[in-house]
Amino acid sequence: MSPLRAGCYMLAAVLLALTQGLGMNLISANLPQIQGSLGATTTEATWLVAVYMAPNVSLSLMLIKIRTQFGLRNFAEIGILAFVMVAFMHLFVNDLQSALIVRFFSGIAAAPLSSLGFLYMLEPFPPAKKMNVGLCLALTNISLGAPIARLISPALLDIAQWHGLYLMEIAIALMAFGAVYLLPLSPQPRAKVIHWLDIVSYLFIAVGFGLVAATLVLGRLYWWTEAPWLGEMLAVAVVSLTCAAVIELNRKSPLLDIRWLASREVLHFTAALLIFRIVLSEQTSGAYGFFQILGLQNEQLSVLTWVILAATIVGGIACAAIIKPGREPAIHMVALSMLIVGALLDSRATNLTRPAQMYVSQGMIAFAGALFLPPAMASGLTSALKKGPQYILSFIIVFLTTQSIGGVFGSAIVGTFVTWREKIHSHALVEHIALTDPVVARQVSQLAGAYGRIITDKTVLDAEGLALLAQQATREANVLAYNDAFTLIAVIGAIALAALIAHVTFGAFAKRMSSSPHPAVS
């Protein structure tokens, strides 16, 4: 392929990844700004994220077989056309109810785009480069949607609020639509691989994964033990996934090889990816959530977002330069070390901390995120190929599931921990606030001074001062809670790093012992 044509395929991959990434992140990054235009509370607006994720987390499972049976060309053209049509539907949304319906279909339509962006990035590379350079650039490309969504959101919201967010998405989707039709992917052999039991199993899996994703998004807002319907959703999810597992365990050609997925090496791989997603939530949920409680919006965080975007791109390029078979543990150790250092730096934040103080730490975390995923996927694919081509589908499902549900799971853990610690710190701070304390009385008097010209009643004035002091205490409690979360993430990363070092050391020792000559037995 000529350099010009290769560049066109890579540009098409960027357009497809941006289309998918903006569709996922434009809402989650701007919930406080769009809830007013939809007439919703923050909790109600969060349902927009839940209904998007519910179908999106499981669709990749069937899309792989659909692509094999009906052809890659048809899959690409129909997938991008469906997304363009759903994107236009956003322009006719004016209330929460219609927005929820459109977001559900948007989650369905966006599912093919991540795989298309992945395939278009791999297309121009020769086979020898697909599993190193191509893989690193493809995964880095897919991760660019979140920071770019935060960078362009303020200007789009100024144009037309909710509708303004989707004018840019429609424009990029139309460009991707043209690119898909002008630049066909290499055809792949078709095969009739869809069995009617695949559809039955998928429906159970879709219900299970969808309910789990929705519960993880909404659980910390309605609180896990306060809303009975959260438990009911999880119960239905467990039953649905159990039914799917029973069906798959009794099939000769299962959609998912449950026995292989339950093997020690796959469970180890899955746990490693989930832990990484939890640790990476320090950036996606921790840092941005911290600045949000300090009153900063996307406009004030633009330079920090540029730093994260640049570090992600540099990390992907660096990974492409150094990745080779056998280097995966060393790369993962470096990535985890950077994540730990970044989280520890952030754990010293105060109410005076601003984005400039987190440029280094967040840049390290973004670099580490781009460094971690490609070696993990490369080693997993190699392991699956050794078992046979039929195991590739099961591996891809594991990888995609840990990235989609794992991301939601990490955000739920960080959000829940912050809420819990904020209540503890708030109680500890507020219980010492009493007007009989001279220090407290002086602080209340100073805060109430701003209303002294308007309010003449001393009791009402003191009440206003106490309210302002309580707000400061709540802010300080939130700052302390986020510091605890950053520290917890650093501890989790340190445990994962220690486990990885122990695993590598034990493996090397066992290999040396097995290869050493044994003395002859007389």
Side-chain angles (χ1 to χ4, degrees), residues 21-22 25-26 28-33 140 143-158 278-318 334-372 410-411 414-415 417-418 421-422 425 471-494:
L22 293 180
N25 293 287
L26 279 176
S28 58
N30 296 282
L31 281 179
Q33 289 81 6
T140 303
S143 64
L144 300 181
I148 291 177
R150 290 186 180 275
L151 287 172
I152 66 175
S153 293
L156 297 178
L157 287 168
D158 290 340
I278 293 172
V279 175
L280 200 60
S281 296
E282 196 275 355
Q283 184 169 89
T284 55
S285 298
Y288 282 108
F290 171 78
F291 286 121
Q292 188 174 354
I293 63 107
L294 292 181
L296 276 68
Q297 302 300 326
N298 288 327
E299 297 94 324
Q300 290 82 36
L301 300 174
S302 60
V303 178
L304 176 63
T305 306
W306 276 113
V307 170
I308 292 172
L309 180 62
T312 301
I313 295 173
V314 173
I317 295 173
V334 173
L336 284 172
S337 299
M338 296 181 73
L339 285 165
I340 294 167
V341 173
L344 287 176
L345 290 174
D346 289 345
S347 67
R348 301 180 297 175
T350 68
N351 61 11
L352 298 177
T353 298
R354 292 298 178 264
Q357 281 79 57
M358 288 194 178
Y359 290 166
V360 174
S361 60
Q362 292 301 304
M364 292 174 64
I365 292 172
F367 185 93
L371 203 63
F372 188 97
S411 298
V414 172
F417 183 79
V418 167
R421 293 300 299 172
E422 186 274 331
H425 288 301
Q471 290 178 7
Q472 289 187 352
T474 301
R475 184 187 62 190
E476 292 297 331
N478 275 291
V479 170
L480 293 172
Y482 273 100
N483 285 342
D484 292 344
F486 296 148
T487 304
L488 175 66
I489 290 171
V491 170
I492 294 174

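None of the values given here were measured: they were computed from a predicted structure. We number each residue from 1, following the sequence as shown.
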Check step by step if side chain to side chain contact (heavy atoms under 4.5 Å, CB included) holds for Ile489 and Ile278.
CA-CA 8 Å; Ile489 290 171; Ile278 293 172; 5.6 Å; no

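- Evaluation of the side-chain contact (heavy atoms from CB on, under 4.5 Å) rule for Thr305 yields Pro147, Arg150, Leu151, Tyr288, Leu301 as partners, not counting sequence neighbours.
- When the side-chain contact (heavy atoms from CB on, under 4.5 Å) test is applied to Arg475, the partners found at least two apart in sequence or on another chain are Leu294, Asn351, Gln472.
- Ala477 pairs by the side-chain contact (heavy atoms from CB on, under 4.5 Å) definition with Glu422, His425, Ser426, Leu429, not counting sequence neighbours.
- Leu26 and Ser153 get closest at one heavy-atom pair: CD2-OG, 3.7 Å.
- Ala149 approaches Asn25 most closely through the heavy-atom pair CB-CB, 3.8 Å.
- For Phe291, the ring-ring contact (aromatic ring centres under 6.0 Å, His included) criterion is met by no residue, not counting sequence neighbours.
- Looking at every heavy atom in both residues, Pro355 comes nearest to Leu304 through CB-CB, 4.1 Å.
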Can you give me every donor-acceptor pair (side chain of residues 308-318, partner residue at least two apart or in another chain, under 3.5 Å) with its distance?
residue, atom, partner, partner atom, Å
Thr312, OG1, Ile308, O, 2.8

Would you please test Ile293 and Val418 for side chain to side chain contact (heavy atoms under 4.5 Å, CB included) and show each step?
CA-CA 12 Å; Ile293 63 107; Val418 167; over 6 Å; no

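- The distance from the CG atom of Leu336 to the CD1 atom of Ile492 is 11.5 Å, given to the nearest 0.5 Å.
- Here the shortest heavy-atom pairing between Ala370 and Thr140 reads CB-OG1, 4.5 Å.
- In this structure the side chain of Phe290 never reaches within 4.5 angstrom of the side chain of Asn478, judged on heavy atoms.
- Annotation: side-chain hydrogen bond (donor to acceptor under 3.5 Å, both in side chains) contacts of Ser411 (sequence neighbours excluded): Ser285.
- The stretch residues 354-371 participates, sequence neighbours left out, in these side chain to side chain donor-acceptor pair (under 3.5 Å) pairs: Glu282-Gln362, Gln283-Gln362, Asp346-Ser361, Asp346-Gln362.
- In this view, Phe372 and Phe276, His332 satisfy the ring-ring contact (aromatic ring centres under 6.0 Å, His included) rule, not counting sequence neighbours.
- Every side-chain contact (heavy atoms from CB on, under 4.5 Å) that Thr350 has, sequence neighbours left out, goes to Leu352, Thr353.
- Legend: residues meeting side-chain hydrogen bond (donor to acceptor under 3.5 Å, both in side chains) with Gln297, ordered by chain and number and at least two apart, are Gln33.
- The heavy-atom pair separating Val307 from Gly363 by the smallest distance is CG1-CA, 4.1 Å.
- Residue Gly369 comes nearest to Leu280 through the heavy atom pair CA-CD1, 4.0 Å, listed as atom of the first residue, atom of the second, then distance.
- Judged as a side-chain hydrogen bond (donor to acceptor under 3.5 Å, both in side chains), and not counting sequence neighbours, Ser281 has no contacts.
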